[in-house]
Protein chains: 2
Amino acid sequence: MARRGPRPGGADTRADILVAAERAFAEQGYDGATVRRIAATAGVDPSMINHHFGGKDELLMAVLELPMDPQPMVAAVLGASPTAPGAALLRRALAAWESGPGQLTIGMLRSSLHRDRTVGLVRQLLERRVLAPIMAEMTVPEAERPWRVSLLATQMLGLIMMRYVIRIEPLASADHDQIVTAVGPTIDRYLQGDVD
Amino acid sequence: MARRGPRPGGADTRADILVAAERAFAEQGYDGATVRRIAATAGVDPSMINHHFGGKDELLMAVLELPMDPQPMVAAVLGASPTAPGAALLRRALAAWESGPGQLTIGMLRSSLHRDRTVGLVRQLLERRVLAPIMAEMTVPEAERPWRVSLLATQMLGLIMMRYVIRIEPLASADHDQIVTAVGPTIDRYLQGDVD
DNA sequence: CTCCTATTTCATCACTTGTTGAAATAACAG
DNA sequence: CTGTTATTTCAACAAGTGATGAAATAGGAG
């Protein structure tokens, strides 16, 4: 029972830990997710986390390094509907957030918000993997893009928070259509309307 | 030294614990704020927290029960500028969030987001102490108010998150004026414009 | 003054946390 | 077949957590 040494078969312990950790961090936050429970879920010994990652902090870093990549979606939306991208963007974003990986991402976001160091990671990730791709596809003068994109981010993140985290009604139960018609114009204005 | 028994003078131990706990929860989150440190800051024994509140959970509940009351501000703004309340509302909100108590409130919000039970408290507080007062002052038909107010909340909360928690640039360093002109129209539309 | 009660300190408990080091073993190079 | 290395399990530690119960004491009631 539970002999020592490398596990037979090409078992990828490191990957097993990563998926267990992603769920744990997303569902229970950084403090709530214990090294021991993650290891148990992954079916390995707790000390494997230190062996493979160095410690709990580095494990979180590793997990945060694998987010959904929104670049294809952004390119598709902004390329396809240049005049009123808000509706299309919102539609795809809502679908993405309500998918399995999307919920995990929201959970990770949620659990990263209350530690200053992890908030820094979130900011970097947001800038590099979400806002930068959007800026690259925009048509307005380059100098305006950072400001417009940060405005866009406020509306998007606020929507996530209110609908999926705080779950305020009637927003939490609203149809996608309702949200798209209500919030779409805001997105359009932030992306290409009058903002100063 | 440190004799037992009630402290001489009308020392209000319970209140001392509350102010220490508010700061601690706001700055370090629920898990980060330890009973021992809170007690040390308040200058009392850790067991006083159990004696006066019953435990750490009940202490958090007690702290969450004392938020800023936005009702006067809301009434003033919506009463004074009925046609374009967005700008005035934003101006006062920005000032409020950047005040001492406002930062504390944001910290509390931040630290409450990653526990389901405390998120429930935040929702209740938000509905009762913020959204309800706003709805009471609105001029649009009553049936539309919950929906409009929840839209308003997404934009406001997103702004808080991006500017004060995640601190994305250039939003984090933007003037109040910039923000007001960029986001004000969004607020106006959510409060009295076309949203469906 | 005397008793009583609420308040406070102290010592300690039971538990969980992340982490470490040594021993055991599978896979691979030669 | 042999030696080496990386991987894994096991046992344990040091630190810190929230909580508890008993002893001590100040202030108010009678």
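The chains referred to below are lettered A, B, ... by the order of the sequence lines, with proteins before strands, and numbering in each begins at 1.
For Lys56(B) and Tyr30(B), the positive end sits near the middle of the six-membered ring, less than 6.0 Å away and at most 45° from its axis.
Across all their heavy atoms, Ala84(B) and Asp188(B) have their closest contact at C-OD1, 3.4 Å.
In terms of the side chain to side chain donor-acceptor pair (under 3.5 Å) criterion, Thr181(A) has no residue partners (sequence neighbours excluded). With sequence neighbours left out, the salt bridge (charged side-chain N to carboxylate O under 4.0 Å, His left out) criterion links Arg37(B) to no other residue.
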Worksheet entry | Canonical and wobble pairing (Watson-Crick, G-U, under 3.5 Å) of DNA chain D, dot-bracket with | | ||||||||||||||||||||||||||||||
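Residue Asn50(A) contributes atom CG, which lies 17 Å from atom P of dA14(D) at whole-angstrom precision. Following rounding to the nearest Å, Gln28(B) (CD) and dT17(D) (P) show an atom-to-atom distance of 10 Å. Here dT19(C) presents its C1' atom at 16 Å from CZ of Phe53(A), a figure rounded to the nearest Å. What separates NZ of Lys56(A) from C1' of dG16(D) is a distance of 14 Å, to the nearest Å. The nearest whole Å value for the distance from the CD1 atom in Ile49(A) to the P atom in dT7(D) is 16 Å. Distance CD1 (Ile17(A)) to C1' (dT7(D)): 11 Å, rounded to an integer number of Å. Atom CE of Met48(B) is separated from atom P of dT20(D) by 15 Å (rounded to the nearest Å). For the pair His51(A) NE2 and dA24(C) C1', the computed distance is 14 Å after rounding to whole Å.
Residue His52(A) places at least one side-chain N or O under 4.0 Å from the OP1 or OP2 atom of dT8(D). Note on Thr13(A): a side-chain N or O is less than 4.0 Å away from OP1 or OP2 of dT8(D).
The 5' end of DNA chain C is approached more closely, in terms of each residue's nearest nucleotide, by Ser47(B) than by the other of Ser47(B) and Glu58(A).
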Exercise answer: donor-acceptor pairs, residues 153-166 of chain A side-chain atoms, under 3.5 Å, sequence neighbours excluded:
unit_1, atom_1, unit_2, atom_2, d
Thr154(A), OG1, Leu151(A), O, 2.5
Thr154(A), OG1, Gln155(B), NE2, 3.1
Gln155(A), OE1, Tyr190(B), OH, 2.8
Gln155(A), NE2, Thr154(B), OG1, 3.1
Arg163(A), NE, Glu98(A), OE2, 3.3
Arg163(A), NH1, Leu171(A), O, 3.0
Arg163(A), NH1, Ala174(A), O, 3.0
Arg163(A), NH2, Glu98(A), OE2, 3.0
Arg163(A), NH2, Ala174(A), O, 3.4
Tyr164(A), OH, Glu98(A), OE2, 2.6

Check residues 43-53 of chain B and write down every donor-acceptor pair under 3.5 Å in which the side-chain atom is one partner and the other belongs to a residue at least two apart or another chain.
unit_1, atom_1, unit_2, atom_2, d
Asp45(B), OD2, Ser47(B), N, 2.9
Asp45(B), OD2, Ser47(B), OG, 2.6

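Within a 6.0 Å radius of CZ in Arg91(A), other residues, nucleotides and ligands contribute more than 12 heavy atoms.
Of the candidates dT9(D), dT8(C), dT9(C), the closest approach to any side-chain atom of Asp45(A) belongs to dT9(D).
Contacts between residues 30-39 of chain A and DNA chain C, defined by a heavy-atom separation below 4.0 Å, involve Ala33(A), Thr34(A), Val35(A), Arg36(A), listed by number.
Leu152(A) and Ile179(A) fall within the same hydrophobic cluster, where Ile, Leu, Val, Met, Phe, Trp and Tyr residues are linked whenever their side-chain heavy atoms come under 4.5 Å apart, directly or through other members.
Glu169(A) places none of its side-chain heavy atoms less than 4.5 Å from the side chain of Ser150(B).
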